[in-house]
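Shown next, in structure tokens, is the structure this report addresses.
We count residues from 1, following the sequence as given.
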Amino acid sequence: METQSPLIELRDAQKRHWTSVAEAWGRWYDWTERNFAPLTRWLADQTGWRVGANVLDIGCGSGYPALAAAAAVRPGGTVTAIDISPKMIDVASKRAAVAGLDNIAFHEMDADMLRFGDESFDAVTCVCTLMFSPEPARAGNEIRRVLKPLGRFGIVVWDEPSRNPFSMLLVDVMSQFVALPPLPDAGAPGPFRFAAADAFQAIVRSTGFSTDTIEDRTMMFEFSSVDAYLQIVSEVAGWTRRLQALSPDDCSWLRD
């Protein structure tokens, strides 16, 4: 019996995961857009979402930040949004249609295998995606290849776990009640893969970019209640069933 390569297995597992949480990310899109507004403004400024620009968004998920970019580059500009999950593409494309954004095109595609010609885009954004890539250096080379001369890119990755209470607060508490998947080893695909600035910088420089600037951006996420926090984080992480399996007493302790 023929076995798949580890890279193919990893890609398939990631596609299954993001497909399983696509509807949840769609439900909480408005929350994402509102709380990520400072990051949106930074991306627009740093990568140049000007009128008439052609922008590529890698790992568009349920539409962030691709939809914001599409609105910013009109008239005359276009956004190409890619994701590995066909369900994410479906969720994002429906939201774009509702918003009347007819200058955005969606494609199912891997970050490290871009099916676009050289020097196709004025700007590339990649928000919380590169850290999950099976081959981040190859993805970085692809970003450089499709950028036009003097084109600009904005890549966003998470900082250290201790500086990410959005997810780690629930992880630390829930791990006392249920078995959660362990955090990936250092250097392996996962949310904190490029938490160390030198690791991130090494990837960027290995692709041949002539300049790079790394900035720390502090963001504050707002929730209407503890229950809202638990619901949002558990749904987008795919932990809803684990949360529902807790006893009433454990749920009460968790909320306190």
Does any pair with a residue in [range] pass side-chain hydrogen bond (donor to acceptor under 3.5 Å, both in side chains), and if so which ones, sequence neighbours excluded?
{"range": "residues 62-77", "answer": "T40-Y64"}
{"range": "residues 82-91", "answer": "T19-S85, E23-K87, D90-K94"}
{"range": "residues 149-161", "answer": "D159-R163"}

I'd like to check the side-chain contact (heavy atoms from CB on, under 4.5 Å) partners of [X]; sequence neighbours left out, ordered by chain and number.
{"X": "P38", "result": "R41"}
{"X": "F132", "result": "Q14, W18, P191"}
{"X": "A245", "result": "none"}
{"X": "A137", "result": "I203, S206"}

So, does S20 use its side chain to make a donor-acceptor pair with the main chain of H17 at under 3.5 Å?
yes
Do any N or O atoms from the side chain of D57 and from the backbone of A81 form a donor-acceptor pair under 3.5 angstrom?
no
Run through T125, V127, T129, L130 and flag the one making a side chain to side chain contact (heavy atoms under 4.5 Å, CB included) with V156.
V127
Tell me which one of I155, V157, L56 satisfies side chain to side chain contact (heavy atoms under 4.5 Å, CB included) with C126.
I155
Quick one: closest heavy-atom pair of [X] and [Y], and the distance?
{"X": "P134", "Y": "L7", "answer": "CB-CD2, 3.5 Å"}
{"X": "Q231", "Y": "S234", "answer": "O-OG, 3.2 Å"}
{"X": "A123", "Y": "T47", "answer": "CB-O, 3.2 Å"}
{"X": "I82", "Y": "D110", "answer": "CD1-O, 4.2 Å"}
{"X": "I104", "Y": "A70", "answer": "CB-CB, 4.2 Å"}
{"X": "S133", "Y": "P189", "answer": "O-CG, 4.0 Å"}

Nearest-0.5 Å distance, [atom1] of residue [X] to [atom2] of residue [Y]:
{"X": "I232", "Y": "N35", "atom1": "CD1", "atom2": "CG", "result": "8.0 Å"}
{"X": "F221", "Y": "W31", "atom1": "CZ", "atom2": "CH2", "result": "5.0 Å"}
{"X": "I58", "Y": "I143", "atom1": "CD1", "atom2": "CD1", "result": "4.0 Å"}
{"X": "N141", "Y": "D112", "atom1": "CG", "atom2": "CG", "result": "10.5 Å"}
{"X": "E108", "Y": "R115", "atom1": "CD", "atom2": "CZ", "result": "8.0 Å"}

Do W42 and F36 come close enough that some side-chain heavy atom pair is under 4.5 Å?
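When only atoms from C-beta onward are counted, F36 and W42 do not touch, as no gap falls below 4.5 Å.
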Is the shortest side-chain heavy-atom distance between F194 and V204 below 4.5 Å?
no
Can you hop from [X] to [Y] via hydrophobic side chains spaced under 4.5 Å?
{"X": "L39", "Y": "V73", "value": "yes"}
{"X": "V236", "Y": "V91", "value": "no"}
{"X": "M109", "Y": "I84", "value": "yes"}
{"X": "V226", "Y": "L169", "value": "yes"}
{"X": "L67", "Y": "V124", "value": "yes"}

Applying salt bridge (charged side-chain N to carboxylate O under 4.0 Å, His left out) as the test, list every pair that has at least one member in residues 118-137; sequence neighbours left out.
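Qualifying pairs, neighbours excluded: R11-E135, R50-D122, D118-R145, D122-K148, E135-R138.
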Only pairs at least two apart or in different chains count here, so list each salt bridge (charged side-chain N to carboxylate O under 4.0 Å, His left out) that has a residue in residues 220-244.
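Applying salt bridge (charged side-chain N to carboxylate O under 4.0 Å, His left out) to every pair that reaches into residues 220-244, excluding sequence neighbours, yields R27-E235, D227-R255.
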ring-ring contact (aromatic ring centres under 6.0 Å, His included) pairs, two or more places apart, involving residues 66-87:
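Non-adjacent pairs meeting ring-ring contact (aromatic ring centres under 6.0 Å, His included): zero.
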Under the ring-ring contact (aromatic ring centres under 6.0 Å, His included) definition, can you give me all pairs with a residue in residues 88-127, not counting sequence neighbours?
F116-F121
Taking salt bridge (charged side-chain N to carboxylate O under 4.0 Å, His left out) as the test, write out the residues that go with D30, two or more places apart.
R95
Between N54 and T78, does any side-chain donor sit less than 3.5 Å from a side-chain acceptor?
yes
